[in-house]
Trainee: 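Here's a structure for you.
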Amino acid sequence: MNTAVSVRNLEKNYQMGEVTVRALRGVSFDVVEGSLVVLLGPSGSGKTTLLNLIGGLDVPTAGQVLVDGQEVSTLVEPALTEYRREKVGFIFQFFNLVPTLTARENVELVGELADNAAEAADLLRRVGLGERLDYYPAELSGGEQQRVAIARALIKRPYLLLGDEPTGNLDYETGLLVLQLIREVSDEDDLTVLMVTHNAAIGQMGDVVISLRSGEVEAIKENESPLPPTELRW
Ligand code: ADP
Ligand code: MG
C-alpha cells in the first residue's frame, strides 16, 4: 500500500512578540493512500496547524511533509500555490463560500483553476443538491452549504481531502449526514482524507485515529471496523 502523506519530525513555532509558541513539537506519522484519518485533540493541541502544513497553507519551522512522494515542506511560491491547487481539497468549519455566487458558481470557480476538473452540476447532484444549483449560500441551510463546500473541494479531483472541524458548526443530525458524505467519497473515490476534530466520537469512523496533545502525537490507533457515521453518538 502506498503512503499518501508522510510527516517527519514536524515542528511549528509561532513568534508572539517575546514568546515562542511551540504549536507542533516533532510530529511524525504516515497515512496510507485511500484511508480516512481522524486527527483528534483538544482545542490548542495543534490540529489546525498540522492540517495547514500538510495542505501547504503554511510552512513548517522544522521537519518534513511529503505528499504523494513530493516534499511539500520546502516548496516556495508559486510552487506552493500550484501544489494546493492541484492536489488538495479543503473543507472548513465555516464553509467559506462566496456569498454573491450561487452553489453552482462557487463550485465552478474552483473548477476553472484546475486541469481535468469534474462537472460542477454533476458533483452538486452527487452531494444531494441537484435541486439547489442556482441558490445562493444565504438561501441554503448550514448542512447544504457544507455540501456545496464538499463539492467545491472535490471538483479538482484532489489527491487529498482535508477537513478542519467540518461538522463543528452543524447540528448533530446534519453533522452525521456530512460525515456520511465524507466517508462515501473516501470509499468510492479511493480518496485519502484527513479530518480534524475535537470530538472523540467522530474518531470511531476513522480507519486511523491520530491523537494530538500539546503539539505532540499522543497515540495512533487503527480501527479494525470503523463505525458507519450513522452509528456515531455524542
Ligand atoms: P487546534 O486547531 O488544535 O485548536 P491550533 O493549531 O490552532 O490548535 O493552535 C495550536 C497552538 O498554536 C495554540 O496554542 C495556538 O494559540 C497557537 N497558534 C495557532 N495559530 C497561531 C498564530 N497564527 N499565531 C500565534 N499562535 C498561534
Ligand atoms: Mg483548530
Side-chain angles (χ1 to χ4, degrees), residues 5-31 36-67 72-77 80-81 83-84 88-97 142-143 145-146 149-150 152-153 158 160-172 174-176 178-179 182 192-221 229 232 234:
V5 180
S6 187
V7 173
R8 289 279 161 267
N9 305 315
L10 198 64
E11 297 180 26
K12 178 68 182 181
N13 296 340
Y14 295 108
Q15 202 60 43
M16 301 284 287
E18 304 274 283
V19 179
T20 304
V21 179
R22 297 184 64 202
L24 296 177
R25 306 164 179 244
V27 167
S28 300
F29 59 83
D30 289 324
V31 173
L36 194 164
V37 173
V38 173
L39 298 167
L40 178 67
S43 176
S45 56
K47 306 182 297 297
T48 294
T49 301
L50 177 57
L51 207 68
N52 288 348
L53 294 179
I54 294 170
L57 290 173
D58 203 353
V59 291
T61 305
Q64 289 178 303
V65 176
L66 284 98
V67 175
V72 175
S73 31
T74 53
L75 293 180
V76 290
E77 297 299 351
L80 202 56
T81 300
Y83 160 73
R84 279 196 302 269
V88 193
F90 287 97
I91 325 169
F92 302 96
Q93 179 173 355
F94 295 104
F95 325 134
N96 297 2
L97 300 177
Q145 289 183 59
Q146 193 61 302
I150 292 172
R152 179 183 58 180
L160 202 59
L161 179 65
L162 303 180
D164 194 350
E165 307 264 10
T167 60
N169 199 39
L170 300 175
D171 63 70
Y172 171 75
T174 310
L176 288 190
V178 165
L179 293 176
I182 290 172
T192 308
V193 180
L194 270 74
M195 183 168 58
V196 157
T197 181
H198 64 274
N199 183 344
I202 294 178
Q204 296 174 291
M205 71 176 274
D207 300 314
V208 177
V209 184
I210 300 174
S211 302
L212 291 177
R213 179 167 294 274
S214 306
E216 292 180 313
V217 173
E218 187 180 51
I220 300 180
K221 179 172 151 252
L232 302 176
W234 67 82

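Each ligand, and each atom within it, is numbered from 1 in the order the structure gives.
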Trainee: Run the side-chain contact (heavy atoms from CB on, under 4.5 Å) check on Thr49 and Asp58 step by step: do they pass?
Mentor: CA-CA 8 Å; Thr49 301; Asp58 203 353; 5.9 Å; no
Trainee: What residue and atom, counting heavy atoms only, is the protein's closest point to atom 6 (O) of ligand 1, and at what distance?
Mentor: Thr49 OG1, 2.5 Å
Trainee: Does atom 26 (N) of ligand 1 have a protein heavy-atom neighbour under 4.0 Å away?
Mentor: yes
Trainee: Nearest non-hydrogen atom to atom 3 (O) of ligand 1 belongs to which of Lys12, Lys47, Arg22, Met16?
Mentor: Lys47
Trainee: For atom 7 (O) of ligand 1, which protein heavy atom lies nearest, and how many Å away is it?
Mentor: Thr48 CB, 3.8 Å
Trainee: If you measure from CD on Gln145 to CG on Leu97, what distance do you get to the nearest 0.5 Å?
Mentor: 5.5 Å
Trainee: Hey, does Pro42 sit under 4.0 Å from ligand 1 if you only count heavy atoms?
Mentor: yes
Trainee: Of the side chain and backbone of His198, name the one, both, or neither that has a heavy atom under 4.0 Å from an atom of ligand 1.
Mentor: neither
Trainee: Is any N, O or S atom of Thr49 under 2.8 Å away from the Mg ion (ligand 2)?
Mentor: no
Trainee: Using the side chain to side chain contact (heavy atoms under 4.5 Å, CB included) definition, which of the options Leu24, Asn52, Leu50, Val27 pairs with Lys12?
Mentor: Leu24
Trainee: List the closest protein heavy-atom neighbour of atom 19 (C) of ligand 1: residue, atom name, distance to the nearest 0.1 Å.
Mentor: Tyr14 CE1, 3.4 Å
Trainee: Verify side-chain contact (heavy atoms from CB on, under 4.5 Å) between Leu194 and Leu51, making sure each step is shown before the conclusion.
Mentor: CA-CA 8 Å; Leu194 270 74; Leu51 207 68; 4.1 Å; yes
Trainee: Could you name the option among Gly44, Ser43, Gly46 that has the heavy atom nearest to atom 13 (C) of ligand 1?
Mentor: Gly44
Trainee: Quick check for you: to the nearest 0.5 Å, what is the distance between Lys221 atom NZ and Ser211 atom OG?
Mentor: 8.0 Å
Trainee: Do me a favour and list the nearest non-hydrogen protein atom to atom 16 (O) of ligand 1 with residue, atom name and distance?
Mentor: Val21 CG1, 5.0 Å
Trainee: How far is atom 12 (O) of ligand 1 from its nearest protein heavy atom, and which residue and atom is that?
Mentor: Ala23 CB, 3.4 Å
Trainee: So, Asp30 and Arg8, do they make that salt bridge, N to O below 4.0 Å?
Mentor: yes
Trainee: Take Val178 and Leu170 through the test side-chain contact (heavy atoms from CB on, under 4.5 Å) and record every step on the way to the result.
Mentor: CA-CA 9 Å; Val178 165; Leu170 300 175; 3.7 Å; yes
Trainee: Looking at Gly17, is its backbone amide N or carbonyl O close enough to the side chain of Gln15 to form a donor-acceptor pair, meaning the two atoms are under 3.5 Å apart?
Mentor: yes
